[in-house]
Amino acid sequence: MAILKNFTILLCILTLSCGKTASTTVVIKLKTDTYISNQDSSNHSGGTSLKVSNSGGVEERVVLKLPTGNNDDNYNLDQCLNNLFCTVFFMPLVLLVKILTTCSDATLQPANLTSAVLALDTVDGSSPGSGTIVPELLSRGWYQTVNWTKAHPFSSSGNWLTPGGDLDFSRTFNPNCTSLSSGTCAAGEVKFEMTDYFKSLITTPNSNHFGFILRGVSTLNRVELHSVQTATSSKAPRIIATYTGACSDGSISQPKTTWLSEP
Amino acid sequence: MKALLLFFLPLMAFAQDTETPKSTEPRLGFMFRKGISIEKYSGNPDGISSENLSPALFTVGGLLVIEREEMNNIYANIDATYLKNSGLIFFGEGAFGLGRRPWQIQLGVAAQYSNLSGGAFQKSAFDHYSLAGFVRPKYFYKFLDTQLEFRYRDISSSEISSTEGITTKIEHQPDRIFRAQLGGTFSIARIFAGYSWYFLGTTAIASKEFGFRINEKLVEQSVLGLTLDLKPMELGLYYYQVFKVDDEEAHLYQAPHFHPDYLVGKRSVFLEAKWLF
């Protein structure tokens, strides 16, 4: 009788949790970032903060990219040795997300992505003016030692064609804290709307993503942002993605790790 | 060719047949080698200064030679090379020669280990070990000697950076090296000219976040050498020049070789002294 009772309770939970729309929000932390300056060629990738400014001939830009894969360095070495495509930076975009949800896998599909926002936080809690910082896509790969003139040190081809970063103008983004698909910028937050771009990446497995430049739209006093290395983990650069969809397969999934770009 | 003839012809008056080994006792020796760079490359691997790419401050080593009979011999050497403020490179090579005059063929193996971390080369592309095998046919004619060599060298992968918790490694596919050399012995002096073709293996630099590939490259190196046999000491002076390096920065990652081949500078001179007892 006890078994029958438990089965009945489970059946009720399944009935209640499925067949209706559910939303899941996941936070994807970036793995690498830095900033470059037209005043020095130093390596800033290990710092705990990022700087962006454009004032008096001095310009600083943030360089960052989304995490690109689950493959370790040894696997990627083999890929590069045996794959001619690795003559340039090879970045299959496979974003790892640890999903802790009671809804089914069906919700977490690229088609169900309803919001994706790139979020950063200022170190001092100040809020730069809305629309003063804009993200732009980079058109080529870069290494952690990137500076104003050099994307990477491994070849003479590693120099930027345009000092400050080679940009891909095929897609444009709204500046900070404008046209966000979800939420607003609280004090100290610097957010950028990314839904369309993020969706295009995760619906096209093995897309190349070379990262972003964040720069001042016009004159901008220095804004200092938490980097990947910040001691305040919750304020590290991150993508906040929301998926909304029906729990279609009628099962309750367990906490698991999955790859968003996989079908 | 014309330059080579002009180089050799005046010395032919002093030519003598290449000396045939006669001793059958094992002989031990000592070697000292010092190089200077005449012309360096303009680019440097990340975090490494041009000064760090100078030839080793010095190399010291030991030699063992066993000559059984004409053209049949065994030799081995092991040495340590010190790079200023950087660390040590250990190298060992052994070979045995078989043949009947005027022919000889040498077969050998070599191993090299670089322990440069901790100095100027922290987390560098230069820290690795390598294993090599080679075959070296020789032909002697009067005072002239010629030799060819094919060498196959496998280089280990190494870590070149660990920033933001991300490890970056470098890995090389094996190098294939062909050498040709012509020498002449004139009294106590031996002069030789050689040319090497280095087919440097494809090199990959990768971490969890990215990858970069440097395709296989052919790099060439010439050497002119003069040795003086001042028994029991032998003095040698060598001039090296590297050609066909079209991407100097990529080359330094692809060919991080200080010793025994010095490929991290364009032109260099080495002085060597050996004592064989």
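In what follows, every heavy atom counts, from backbone to side chain, and hydrogens, waters and symmetry copies are set aside. Every chain is numbered from 1, with letters handed out A, B, ... down the list of sequences.
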Report summary line: So, the part of A:Asp33 with a heavy atom under 4.5 Å from chain B: the answer is both
Query - Residue pair A:Thr34 / A:Ser45, side-chain donor-acceptor N/O under 3.5 Å - result: no
Query raised in the report: Can you find a side-chain donor-acceptor pair between B:Glu248 and B:Ser42 that sits under 3.5 Å?
Result: yes
Query - Minimal non-hydrogen separation, A:Val134 against A:Phe173, with atom names - result: CG2-O, 3.7 Å
Report task. Provide the closest heavy-atom pair for A:Ser53 versus A:Glu60 in the form atom of the first, atom of the second, distance. Result -> OG-OE1, 2.8 Å
Query raised in the report: So, the side chain of A:Asp168 versus the backbone of A:Ser170: is there a donor-acceptor pair under 3.5 Å, distance only?
Result: yes
Query raised in the report: Does A:Glu59 offer a backbone N or O that forms a donor-acceptor pair with the side chain of A:Asn38 under 3.5 Å?
Result: yes
Report summary line: Contacts of B:Glu149 meeting salt bridge (charged side-chain N to carboxylate O under 4.0 Å, His left out) (sequence neighbours excluded), chain-then-number -> B:Arg136, B:Arg151, B:Arg179
Query raised in the report: Does anything in residues 155-167 of chain A get under 4.5 Å of chain B by heavy atoms, and if so which residues?
Result: A:Ser155, A:Ser156, A:Ser157
Report task. Under 4.5 Å heavy-atom distance to chain A, tell me which part of B:Leu252 shows up: side chain, backbone, both or neither. Result -> neither
